[in-house]
**Student:** 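This is the structure I want to talk about, given as structure tokens.
What's counted below: heavy atoms across the whole structure, side chains too, no hydrogens, waters or symmetry copies.
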Amino acid sequence: MEMDLGIEVRKNGKITVIQLAGELDAYTAARFKEVMVDAIEDGGENLIVSMADVEYIDSSGLGALVGGLKRVSERRGKIVILRAQPQVRKVFEITGLERVFPLFDDEDEAVAALQGGS
Amino acid sequence: MAEADKTINNPDVSIPEEFALRDEVRWLKSEDIRLFRLLRESMNKIEPAYVATYPPSECGIATFTRDVVTSVAKYTPFSRPTVVAIRREHEIEPYERIVRFQIFKQNRDSYLDAARFLNDSEVDIVSVQHEYGIYGGEDGEYVLDLLEALEKPAVVTLHTVLQKPSPNQKRIVQEMVRLCEVAIVMVRVGRQILLDVYGVDPGKVTVIPHGVPNVHRVSAQSVKRSLGLADRAIISTFGLINRGKGIEYVIQAMPAILKKHPNAVYLVLGATHPGVRSYEGESYRNMLTETISRLGIGQSVRFNNRFLALDELVRYLCATDVYVTPYVNKDQIVSGTLAYALGCGKAIVSTPYLYAEEVLADGRGILVDFNSPDSIAESIIRILDDPKLKESLESAAYRYGRRAAWFNVAVDYLGLFHKVLNRRRLAQQLAAIKT
């Protein structure tokens with residue numbers, strides 16, 4: 001099976017940004033979760049998951065995020081979502097998970113929200 | 001002719017489980033109650049019920065319903081979906097626990113009992129699957145009894161939208177649309193027919209595509225090996241077999257295809273439709289096997305006379321070079337099998353029934369004349385001769401299929417359920433203000 005998800009990890013100050021490209025679904029969610037867990041274990045208690053290039057997300061992708069949230073919350077950290085595209089945004093809104101994973105369109109605002117602890 | 005392999009087992013093409021959100025939430029309940037509560041308080045709640053046939057009944061609507069139910073449930077870990085299953089009186093169906101009420105198809109009272117059950121339940125919204133044949137009464141009119149007695153908002157998914165309905169068939173659809181908040185069709189042409197022929201309110205009709213399994217593209221060659229069909233050019237058709245499928249026309253096309261591609265093999269995958277079997281037995285299949293014998297192509301056509309599980313079906317589809325729906329009914333407004341083939345990114349040849357005409361537009365497939373072995377042979381040969389054309393058809397089909405993956409279609413259904421409920425709440429609030 002093709003694995004249609006690109007993952008890049010970078011730092012923005014103390015915050016870890018995980019940049020995804022492709023589809024976050026049952027085929028790719030486990031790999032994303034591994035990368036997220038590695039990032040958290042490397043000290044990244046606050047995460048930005050950039051979804052500007054994510055076309056689709058399914059419940060596995062949401063499950064991976066919840067798994068990541070469990071780990072960061074043990075360190076009083078948070079996860080926010082950056083630049084979710086319409087179909088992905090719709091998933092967060094319809095499930096209500098936008099109240100758990102705040103959605104931002106601007107990276108600076110996302111960083112400020114994480115640093116401010118809001 | 002040979003029988004296709006009975007069982008196949010290749011982990012490379014198995015569809016991964018997708019229940020991760022529910023799994024994570026269940027796990028949190030014991031591991032992190034604070035986060036569990038946060039999710040429970042934050043996530044949207046909805047309690048949908050579904051009225052339809054349901055597995056283990058072997059019918060396309062039953063499979064469709066299970067797919068909708070499970071796909072929606074994956075996004076709603078704090079909800080408990082309900083199925084009201086339609087079944088024949090004399091059949092015993094070992095349903096899953098999710099089936100909380102059963103309607104006996106020909107027992108009119110049981111439709112009212114079902115409405116009472118739903119009215120008294122925690123259910124917020126009812127999703128009704130409609131095909132004339134699954135309900136009792138003339139043209140399945142008993143479904144109207146249920147909808148008239150139902151106090152919960154309902155949406156109906158129309159699996160059949162006839163262009164030339166009888167007066168009674170027309171009345172039933174019109175009444176269903178009137179009694180439901182929204183009618184769902186799977187292609188735009190279905191919506192247009194509802195407006196033009198049935199005169200329904202355009203604001204009450206929405207289009208949500210037929211869902212397809214989440215299958216990532218895979219090399220057909222590797223799967224062919226697992227099926228013992230390496231080096232064969234695989235042509236296939238799957239689904240419940242009945243005379244409307246037009247399989248005889250592909251069989252008649254095979255000699256011409258074999259002249260150009262002697263390695264071609266046509267796989268006919270699926271059991272005879274149980275409803276058909278009950279009144280004419282296997283006479284259609286027998287007619288097909290006689291044709292195969294007469295043409296002397298027994299080594300190039302294979303049957304798998306079973307209702308295939310999803311994983312197995314997907315494996316056959318992944319191995320397929322050309323998928324064919326040679327159906328003979330122009331009015332057919334949906335085809336689950338064609339939707340699945342799109343989802344697997346297959347090169348598709350089809351007769352131009354309404355659903356195929358729309359979903360295979362813009363280079364997503366090749367349309368052929370009805371009842372025409374010559375036209376079928378010509379198109380299949382064109383694809384097998386031209387790898388670039390094949391790849392272009394496969395890519396276009398796959399792109400379309402991704403949007404129609406069940407996980408996306410579930411979001412469409414869930415979004416619609418919330419929209420209907422919000423609208424109803426708003427209307428109730430406005431009514432309260434006026435009084």
**Student:** So for A/Leu69, is it side chain, backbone, both, or neither that comes closer than 4.5 Å to the heavy atoms of chain B?
**Tutor:** both
**Student:** Give a yes or no on this: more than 12 heavy atoms of other residues, nucleotides or ligands lie within 6.0 Å of atom CD of A/Glu8.
**Tutor:** no
**Student:** Verify the neighbour count for atom NZ of A/Lys11: are there more than 12 heavy atoms of other residues, nucleotides or ligands below 6.0 Å?
**Tutor:** yes
**Student:** Which atoms of B/Glu41 come close to chain A, meaning under 4.5 Å heavy atom to heavy atom: side chain ones, backbone ones, both, or neither?
**Tutor:** neither
**Student:** So do the side chains of A/Thr95 and B/Thr76 get within less than 4.5 Å of each other, counting heavy atoms only?
**Tutor:** no
**Student:** Would the distance check show the side chain of A/Tyr27 and the main-chain N or O of B/Asn214 forming a donor-acceptor pair, the cut-off being under 3.5 Å?
**Tutor:** yes
**Student:** Give a yes or no on whether B/Lys29 atom NZ has more than 12 heavy-atom contacts from other residues, nucleotides or ligands under 6.0 Å away.
**Tutor:** no
**Student:** Where is the tightest heavy-atom contact between B/Tyr398 and A/Asp4, given as atom of each residue plus distance?
**Tutor:** OH-OD2, 3.8 Å
**Student:** Any non-hydrogen side-chain atom of B/Tyr75 less than 4.5 Å from a side-chain atom of A/Leu62?
**Tutor:** yes
**Student:** Can you tell me how far CZ of B/Arg22 sits from OG of A/Ser60, rounded to the nearest 0.5 angstrom?
**Tutor:** 13.0 Å
**Student:** Could you name the residues of residues 70-77 of chain A that have a heavy atom within less than 4.5 Å of a heavy atom in chain B?
**Tutor:** A/Lys70, A/Ser73
**Student:** With sequence neighbours excluded, give me every salt bridge (Lys or Arg N to Asp or Glu O under 4.0 Å) pair touching residues 399-416 of chain B.
**Tutor:** A/Glu23-B/Arg402, A/Asp25-B/Arg402, A/Lys90-B/Asp412, B/Arg403-B/Asp412
**Student:** What option among A/Ala30, A/Gly63, A/Gly67 has the most heavy-atom pairs under 4.5 Å with chain B?
**Tutor:** A/Gly63
**Student:** Are A/Ile94 and B/His418 packed together at the side-chain level, in the sense that at least one heavy-atom pair is separated by less than 4.5 angstrom?
**Tutor:** yes
**Student:** Quick check on the interface: out of B/Leu39, B/Asn44, B/Leu38, B/Leu35, who has the most heavy-atom pairs with chain A under 4.5 Å?
**Tutor:** B/Asn44
**Student:** Are there over 12 heavy-atom neighbours, none belonging to B/Arg80, within less than 6.0 Å of that residue's CZ?
**Tutor:** no
**Student:** Which answer fits B/Trp406, side chain, backbone, both or neither, if we ask what part of it has an atom under 4.5 Å from a heavy atom of chain A?
**Tutor:** neither
